[in-house]
Structure formats: structure tokens, C-alpha cells
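As the structure is a computational prediction, the values presented were derived from the model and not from experiment. Just so it is clear: chains get the letters A, B, ... in the order the sequence lines come, proteins before strands, and each one is counted from 1.
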Number of protein chains: 2
Amino acid sequence: MNKSRVTVVDIARAAGVSKSTVSLVLQASPLVNEATRARVNAVIRELGYVYNRGAANLRQSASSRIIGIIVNDLTNSFFAELAVGMDMVMQSAGYVQFLSNSAESVDRQREVIASMREHGIAGLILSPARGTEAADLKPLAASGIPVVAVVRNVVGAKVSTLFSDNYAGAKDAVRHLVSLGHTRIAFLGGIANTTVFTERVEGWRDALSEAGLAAPDRLVIGTAASRAGGVAAIERALLLPEAPTAALCFNDAAAFGVCDGLRAAGKEPGRDFAVVGFDDVIEAETAVPALTTVSVDPQGMGRRAAQLLLKQINAGRVEPETIVSSVRLVVRQSCGAGQTDRTRRISA
Amino acid sequence: MNKSRVTVVDIARAAGVSKSTVSLVLQASPLVNEATRARVNAVIRELGYVYNRGAANLRQSASSRIIGIIVNDLTNSFFAELAVGMDMVMQSAGYVQFLSNSAESVDRQREVIASMREHGIAGLILSPARGTEAADLKPLAASGIPVVAVVRNVVGAKVSTLFSDNYAGAKDAVRHLVSLGHTRIAFLGGIANTTVFTERVEGWRDALSEAGLAAPDRLVIGTAASRAGGVAAIERALLLPEAPTAALCFNDAAAFGVCDGLRAAGKEPGRDFAVVGFDDVIEAETAVPALTTVSVDPQGMGRRAAQLLLKQINAGRVEPETIVSSVRLVVRQSCGAGQTDRTRRISA
DNA sequence: TGACAAATTTGGAACGATCCAATTAATTGC
DNA sequence: GCAATTAATTGGATCGTTCCAAATTTGTCA
């Protein structure tokens, strides 16, 4: 059914020129005569020619215009938005991306990286699965393929890294809760022993001690970084002898879970208990109550990561750099600050 | 820094064999002697050889082992999960996927399709942007590249299609609401003039008339298929002269918005108003109240779509087929049926 | 008009793997 | 021991594009 693909030679023959000329037309070279260019382009359209990038990439000089993106959990909307941000930049830069989900499995991640290498990616953006080691990225670096790690870092790997200012964000959030008069502020959700978790807890701890408040370990309740994890965390928190009256949650998903758990226990988030999230996913704004959270702007981060990678690809030299993306606290209703967000349409 | 890539010829030279032998080893041919194979493999590891699929794909016979996936909105967790399902199947079949987001723009979608074609995809799975026309897929079909449309269909296009049984799902949901004693049941959210919307409204209408109930147009309130859209829809619904007491929502996102809007109006979803969603995204189960919804199993749909595409790629012949994926109503708390989901940990 | 420069065009020779036909080495049968 | 098989191995030629050096055409000016 499908006739053997149309090639430059077919175009050349039909247009009465050489394949070299067709090639020049394809790359919009100024060397070719306008009349010739028009004729060739007409034939290209007529025969339904499709450029074969694979063949072009064969010559060692060319860059493949393909990059790889691997995220650890695409079902988490934070990462989905991160990916969308990257997609936007890559698309307008004329790149296509292999986009895969490692589902937190280093083995799958390894396989995917290998597969992407075989397909000749020009660079890789990786939101590493837990347990990723520097060795996993070594071969890429060795063959001069730039790598940008996002969200999490890979210890020991000499790759560029882009992550949000977890410490400062957590500190700001807790300071805000303190300013609202809370003295027993918990840290809920998230998997301990990850860099991100540690940094956020550190910010929480320092803000408390700065205010002269105690920061006992029992107020740090690590669970899954998900809605279900949030529910579990608040359940445990409410059972504590001196139960907290406010909480900074590991991320927005956990914060939503905390809200759910509070309601199940007969408490209204924002009124009876202050909840602050981290990430500022899209739903944070439309949820009820609207979630006070540390805005990380995942799409923006994705865009910046993509831009960084493109810069490195174009530079040729791979000079690892680390960017700490600043964050800002977005005060909405869930912390009880009572500030009405003017972008919200419903207001009792 | 990066020495020119290692090729089969380098391997051949280092192992003292011909490149043909190396090639045979690479494809695990039984023709080569065990000792030779071992030696070649050792050299391959030693030199850090990376297979160049691009070069291999040049020969007309080979299939590229790359497929394309384009979704209309990756930030919507329904589609993110759909993509994850596809990713799983593709990964274990040894494929890599280009995965892009069209953001509902037919222009971007067109560009991405063109780019993917140039990179030689073996097949495409498309969740079409609104307004996609058969002509957009024509060239793919013409060059024998199988296409599977998911979730939405493309009128006039002769491609395989996989979508959920919207009509039956909506009908079941409304029947359930009727059985709970509701007589004024609205249809909230979703963009009118889309096939999916029409099918679901049709199911809603038929279930009502089957029960001898009226299905006036004013009870169908189309808005964005998002959380914000759900909020807007319920606001309008509550202003109606004979306000509904229950609603089937276009999708889960809208249903969550309806719950938010109900609370903002002082009504508790599940107790004062029955809410049913559509899709059964992950959060539906953990939300409070847990959402009664029509389960579409997006990951499962993604997996099935991927399998269908692989089947078509392997078959060579592209025989368009349409699969209607069955759905089932999952009764949780938001419809007021009061059934406690035993998988939920919190229960007052 | 002829010399010279500028503007266009054009054959190969890559790029890295596969595949075919053909060659060489190892085994077998008688 | 030698032909006939079978097992292994191997040179090209090929895929579709780019790039280089060289060839051709066109244009300019004395």
C-alpha cells in the first residue's frame, strides 16, 4: 500500500536538479536560485516528501533535535505540569522529546536512559527516581550528553541541577503561621530521607527556633507524599497529647489529604486548623478552601530546565551549573489568614 | 572531550572480526560461534559501545521502535494516567515514545505530528485536540503509519478508535440517582458540542425518560470541564426555580468543583446534594466525601490503546477497528448512598 | 569579446548498521 | 582421504542525507 518512501533523489529527479541542490533547498540555503528553490519546493509538496531526520543525524556533526525527559511520577500533577513546561520550550525550539515515566523505579529509569541513548538524544532532563546514583548518569556525561537534574539532585553526579528553594519556602511558610499566632505547628507528609524532605523540615525547624518555639521530632510525621499520605499524617497528628493547631505539609497533595482528614474528624481546615501546602499545583487555587501554599511554579521550573538544557546543548561545552529556583508563599484561605483571594468567584 | 562515537567497525577491529560478525552478535543471531560472541560482547562492554538505532532504521525494512503519543491536556490527571498506561506497555515492548501535549491546539498538534513523522515513528496514539480533522491524519494513513485515536474520535478519519462507553456510563449513573429517590437531576460541566459531552448527556436524558422523569434543557449546564467549571455550573444550578437535588457531572474534575461550590453555598455534598463524577481519577477515592463516579480506568485504557497500536504495527496491514471500553459505576459517598468504602481508612 | 569573479549546481564520499551472496573453516560420511 | 555438508565468517552494496571540492553557468567590466 505505502509505496517506498520518497527521498531527496526522487525529488531531484522530478525537479530536474541534483540531490545536492534539493538538500540545499531543504536547509534553506541562500546559495540556491529562487526559481530553482520554488520548483523544488513545489515538487516536495506534490510528492508528499517527508524529511528523514534519522538519515541526516547519521553524519557525525548534526545534533539530533531529540531530547529525553524522564520523570519519577507523571500521575502527580506537579510533575505533569513540569513536563508540560518543558514540552512548551522544546516544541518552540524545534525539538521533540521522548517523555517517560520511571514510576520511582531505578531499573526502569536505567532501561529508559539506555534506550534513549540508542536513539541519539542530544540531552536529558531527569527528575530522578529515588535511589538514583551518579553511576547511572556517568555514561551520558562521558559521551558529552548534557544532563539536567530537576526537583531532586543526584549526589556525586556532575550534572546541572535545578531545584526550588525548599529551605526558604518552608521557613517563610512557618513564619507566616507563627505570625498568625500558632505555637504548635506540625510538618506533615513526605518521605523522610530524601533531600527535599530534609531541606523542608530544616526550614520548618529553623523558623520555629527563630521564633523561640520548640520543634520536637514528634511533630514531624513522614508518610507518602500523596493525598492518602496526608490523611494518614493528620490522623496521627490529632492523636498527639498536645495536638498541633497548624501544619506545613510536604506538598499540596498531602495538604489536600490533610484537609480531607480534618473534615473527617469534624474540623474545618482554615477555621479550626491552619494548613499550608508546598508546590502550588493548579487545583490549589480552586480548591475549597483555597490552599495557602509555597508556590514553586512547576511549569516555570520545567521551562527553565528546558532552557538550561538547550543552552548546554548549544554551548557544546557541558559546564554543570546549579540553579536554585526561588519560591514565594501564596496566602489563601486554608491557613486561616482570612484573606479573600480576589480571583475566586465564590465567596459565601 | 567526547571522542567520536564507537561504531561496529571499532568493535570489529578490536575483537579481530568483521563488522558483519559484530552485527550478527548485536542481533543475537544463532549463526555465530559462542566463543566469538563472548569476545565481541566483552569488547562492546569495554569500549562502551552504544547501538545506533538511527543508522539501523535507515534500511527500509526496519521498524523504528518509536511511537508517538499526543494528548490534548497532560495537566489533566485523566490524560496523565492515560499516558502512563501507554508508557508501561510501550516500555515493556521495547519501544520509546515521543510524548507531547497539544494543549488543545490543532496547530501545535499538526506541528508535532509533522515533527514526529520526520523522526520516523512507527505509529501514533492521539487524544485529539478539539477541532482535529480527518485531513490532519490523512498523510499518516497514506504512508501506512497506524493511528489510534483515544477518548475522542476524529470524524471521517479511517483510524482505529478507543473510547469509553459514555452513553452507558451516564445512563447507569443516573439510574442509580433515580433509585435513590432523586427526581431533579442535573448534568453539570463539560463543553457542549463535543462528542463525549453529547454521548453523556444522551445517556442522562434516556435514563430520565426511562424513569418517566422530565429532562429539561435548563438542567444541562455546560461549562469548562474543570474544577472551576464545576463550581460555576453548580452556582447556576442552585439558582434555578426548582433546583436539582443531584447531579451527574461531566467528569471528576468538574465534580470536585461542584462539591467545592456546594460547600461554599453551605450544602454538604453527599448529604444535601448527590454528586456523581465521571472518569474515576485517583483522587476520587481519597477525596472527602469519596466521589461516586463512573470508572473509566484511564491507565487501563492507555494500556489497551498501546496494545492495539502495537498489534497494528506488527500486523503490517492497518485495519481500523473501534473499541468501546466498558465502564462501571463505583458507588462511594458523594451520591449519598451512604455505602462505606472498605478501602478507606478514615471513617468517623 | 575575453578574462575574471560571482552565483549556482553537482557528483561522489561519508555517516553506522544490515543483509546478501560468497568465501572460508570445521565436520561428517563413506 | 576426499567430497559433501554444515557452521562461521566476511566483503561489499545499500539506506537517505550532508558536505566538500570541483564543475558549470551567469554576470561584470575593460
Side-chain angles (χ1 to χ4, degrees), chain A residues 2-41 43-44 47-66 115 117-122 143, chain B residues 2-41 43-44 47-66 115 117-122 143:
Chain A
N2 56 327
K3 35 183 63 74
S4 52
R5 47 189 167 193
V6 181
T7 79
V8 274
V9 184
D10 299 317
I11 302 296
R13 201 171 4 242
V17 294
S18 78
K19 60 182 169 42
S20 303
T21 303
V22 176
S23 174
L24 290 173
V25 170
L26 287 175
Q27 19 197 343
S29 160
L31 289 178
V32 352
N33 185 287
E34 271 316 315
T36 314
R37 181 194 311 282
R39 184 153 38 97
V40 171
N41 275 326
V43 176
I44 284 178
L47 299 191
Y49 167 75
V50 177
Y51 183 77
N52 182 334
R53 267 179 210 284
N57 290 159
L58 215 44
R59 324 215 74 253
Q60 73 280 50
S61 51
S63 150
S64 69
R65 309 238 106 191
I66 301 179
S115 176
R117 281 191 79 196
E118 295 188 350
H119 280 104
I121 53 174
S143 41
Chain B
N2 58 325
K3 35 184 65 78
S4 52
R5 46 189 167 193
V6 180
T7 78
V8 273
V9 184
D10 299 316
I11 302 295
R13 202 172 0 243
V17 295
S18 77
K19 60 183 170 43
S20 303
T21 303
V22 177
S23 174
L24 290 173
V25 171
L26 286 175
Q27 23 199 338
S29 161
L31 289 177
V32 355
N33 185 288
E34 271 316 314
T36 314
R37 182 195 309 283
R39 186 153 37 98
V40 171
N41 275 326
V43 175
I44 284 178
L47 298 191
Y49 168 76
V50 177
Y51 184 77
N52 184 333
R53 268 179 210 283
N57 291 159
L58 216 44
R59 323 214 76 253
Q60 72 279 51
S61 51
S63 152
S64 69
R65 310 239 104 191
I66 300 179
S115 176
R117 280 191 79 196
E118 295 188 350
H119 281 103
I121 52 173
S143 40

Could you report the tightest heavy-atom contact between [X] and [Y], atom names first, then the distance?
{"X": "B:R5", "Y": "B:N52", "answer": "NH1-ND2, 3.8 Å"}
{"X": "A:S143", "Y": "A:R117", "answer": "OG-NH2, 3.0 Å"}
{"X": "A:R37", "Y": "A:P30", "answer": "NH2-CA, 4.2 Å"}
{"X": "B:S63", "Y": "B:N57", "answer": "O-ND2, 3.6 Å"}
{"X": "A:V43", "Y": "A:A14", "answer": "CG1-CB, 3.6 Å"}

Axis bend over the full length of the helix from C:dT1-D:dA30 to C:dC30-D:dG1, computed from five pairs that close each end, to 10 degrees: 40°
Measure from [atom1] on [X] to [atom2] on [N] and round the result to the nearest Å.
{"X": "B:R53", "N": "D:dC15", "atom1": "CZ", "atom2": "C1'", "result": "17 Å"}
{"X": "B:H119", "N": "D:dG16", "atom1": "NE2", "atom2": "P", "result": "17 Å"}
{"X": "B:E34", "N": "D:dA7", "atom1": "CD", "atom2": "P", "result": "14 Å"}
{"X": "B:Y51", "N": "C:dA17", "atom1": "OH", "atom2": "P", "result": "8 Å"}
{"X": "B:R65", "N": "C:dA17", "atom1": "CZ", "atom2": "C1'", "result": "16 Å"}
{"X": "A:N57", "N": "C:dG16", "atom1": "CG", "atom2": "P", "result": "12 Å"}
{"X": "B:D10", "N": "C:dC15", "atom1": "CG", "atom2": "C1'", "result": "13 Å"}
{"X": "B:N52", "N": "C:dG16", "atom1": "CG", "atom2": "P", "result": "7 Å"}

B:N33 or B:L58: which one's nearest nucleotide on DNA chain D is closer to the 5' end?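 Taking each residue's closest nucleotide, the earlier one in sequence belongs to B:N33.
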To the nearest 0.5 Å, tell me how far B:S64 OG sits from B:H119 NE2. 11.0 Å
Report yes if at least one side-chain N or O of B:Q27 is closer than 4.0 Å to OP1 or OP2 of C:dA17; otherwise report no. no
Answer yes or no: does a side-chain N or O of B:R5 lie under 4.0 Å from OP1 or OP2 of C:dG16?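 For C:dG16, OP1 or OP2 has a side-chain N or O of B:R5 closer than 4.0 Å.
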Per the under-4.0 Å heavy-atom filter, residues of residues 18-26 of chain A near DNA chain D come out as A:K19, A:S20, A:S23
The single option from B:N41, B:V40, B:L26, B:V22 passing side chain to side chain contact (heavy atoms under 4.5 Å, CB included) against B:Y49: B:L26
Go through B:I66 and B:R53 one step at a time and tell me if the side chain to side chain contact (heavy atoms under 4.5 Å, CB included) criterion holds. CA-CA 10 Å; B:I66 300 179; B:R53 268 179 210 283; over 6 Å; no
Evaluate the side-chain proximity of A:V25 to A:T36: yes if any heavy-atom separation is below 4.5 Å, no if none is.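 Not in contact.
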Which residue lies more 5' along DNA chain C, comparing A:T36 with A:R59 via nearest heavy atoms: A:T36
